Every structure is written in C-alpha cells, then in structure tokens.
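None of the values given here were measured: they were computed from a predicted structure. Labels below follow one simple rule: chain letters A, B, ... track the order of the sequence lines, proteins then strands, and each chain is numbered from 1. Basis for what follows: all heavy atoms, side chains included, without hydrogens, waters or symmetry-related copies.
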Amino acid sequence: MQTEERYDDLTALFEAQDEALQNEVFVEQVMKPIRRRSRWRAPLLFGAGGIGLGAALSQIGGVWDALKAQAPSSIEADLSISLDAIPSAQLAIDAQSVWVIAAVLMVASCAVLVMTERA
Amino acid sequence: MGQAVISDFDLARDAASGKEAAFETLVRRYQGAVRGVCRRLTSHAAEADDVAQATFLMAWRKIGAYRGGSFKSWICTIAYREFLQARRRKKIEVEFDENTHILAFDSSAARLPEQLDLDRALKTLPENQRICVVLCVATGMSHSEASAATGFPLGTVKSHVNRGVAALRKQLATESVA
C-alpha cells in the first residue's frame, strides 16, 4: 500500500503558528451570535407551537367548557371578564380560518426550524 | 485523577443536540488551526478572521452532518469553502504580490525566524499549490481529502503538494544559510 509522504518538519512549524493564534476574544466573537440565536429560537418555536395547539384544541367540542369549569370563579370576578364572552367571540371567527392560522403557524415554525437548526 | 478529554465526536454529537458549551470547546480546540488556514489562504488578517468566524458559524449549523473522522479536516474543508465564497463576494486579492505586507500571526507572541521565513516562502507559491500545501501539510488532510475539498484531481493535488513542499524546503534552507 502506498503511503503519503510525511511533512513533519513543515507541519511542526505550521502547528507552532496555530498555537500562537489561541485567543479567547475570538472564541467569544464566535459564540456570541450562536448564544443570541439560541435564546430566541426556543421561545419562538414553543410560542408558535403553543398558539397552534391552542387553536386546534379550541376546535374540539367540550374543551372550552371543561376549561371553564376548572377555572376558579374568582378569576372572572378579579379580571372583570366573563368567560362566556370568549366562546361567542370565538364563534365569530370562521372555523376554517382558525385552521388556516394554525397551518400558517406550523409552516412558520418549520421554516424557523430549517433556518436555525443544524443539518 | 486527570480529567478525561472528551473526544471531538462526542462534543460534535452534543453540539448537534443544541449544547452550546460542547461547541464552544470545539471552537477553543480548533480556532488556531482554522484561523491559521484562513490567514494562509487569504493573506489578510482581518479578512481571515471574518472567514474563520463564518467557518465556525457554518460548522454550528452543519454540525449534525459531521459523521466522525478527523474533525480538523472536516472544519478546514468548511474553512476552504468559506474562503472561496468570501473571495467571490469581496474579490479578495490572493495572487502573490511582491508588495504585500507579510502577515504577522501574532505580534504579541515571540516569533521564531523560521516561522517568518515560512510565511514568506508560502506566499511565493502559486495559488493552487499554496492551497494544496496549506490543506495537506498545515491541516494534515490526506491527498484524497484535499482532492474532495478542492475538486482538484487526486494526481494534481499530489503534484501540487510535492512541488510546493520542495519549494518551501528549498527556500527555508536558502534563507537559513543566508
């Protein structure tokens, strides 16, 4: 088997140059944008996913009533809102458009994933 | 008891799962090699560090594609591609120029005379020869890896490396005698 020629003398010189280049400032420069990108990626993905999930759940009959039954009555009083008002507002939105919004959110989430995730 | 050194493969796997600290260790481990390659290819310190930074950012995005083997070769291949892209974008002048300022690798570090000679000698090589010497001799890539990275035929890589190394040795010997 043919082996490649060794260049240890030159390689040692190159490695000595590389050693002299060790610099913590450069490491920080590289890591800064990576940390920044990671910081917003998770909240964005989970936020978009959560909204999509919420929109989907709201379409399932009985979920809203179950949530309403679980909520303490004091919340309604404290916030001066009526939970009964929300389903009526919800009905105003066309069911189809909710699914469109959910689909758009899912696509947006996937796009963000593709842009930010590693291959 | 000494702390075990985590392998590049394990660090890369952790980095692929989103652990920034693992990637930071890889950056720390290979910054010298990557910055060195970039400086030898571009001959401009500021441009070289931009290319080196772009290399690590690309490596972070593509770390899931690393399948083992020499991490140094893998990341230096990315560095070479980033260099080509940067050159296309900014039209970096890479041809040897007699008047080009000889790049000081680190002005704060004590520089051995033979290292300065090496920089000077490297700059006299034709571009393709220099690229092959940098990839094979400075980063330790095999001829096949360099061929895959550059797209040059294997025989061409071997020829460039052999001629480049011979030219470097000749120049270093001449300068040490002078």
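The side-chain hydrogen bond (donor to acceptor under 3.5 Å, both in side chains) search around A:Asp9 returns B:Arg169, not counting sequence neighbours.
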Handout entry: Candidate pair B:Val137 and B:Leu168, rule side-chain contact (heavy atoms from CB on, under 4.5 Å), full reasoning
Key = CA-CA 11 Å; B:Val137 183; B:Leu168 283 183; 6.0 Å; no
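In this structure, the portions of A:Gln29 lying under 4.5 Å from any heavy atom of chain B include both its backbone and its side chain. When heavy atoms are compared at a cutoff of 4.5 Å, B:Ala54 does not approach chain A at all. B:Val34 does not touch chain A: none of its heavy atoms, backbone or side chain, sits under 4.5 Å away.
Using bins of under 30°, 30° to 60° and over 60° for the plane-to-plane angle, the ring pair B:His160/B:Phe152 lands in the perpendicular bin. Ring planes of B:Phe71 and B:Tyr66: perpendicular class, angle over 60° (limits at 30 and 60°).
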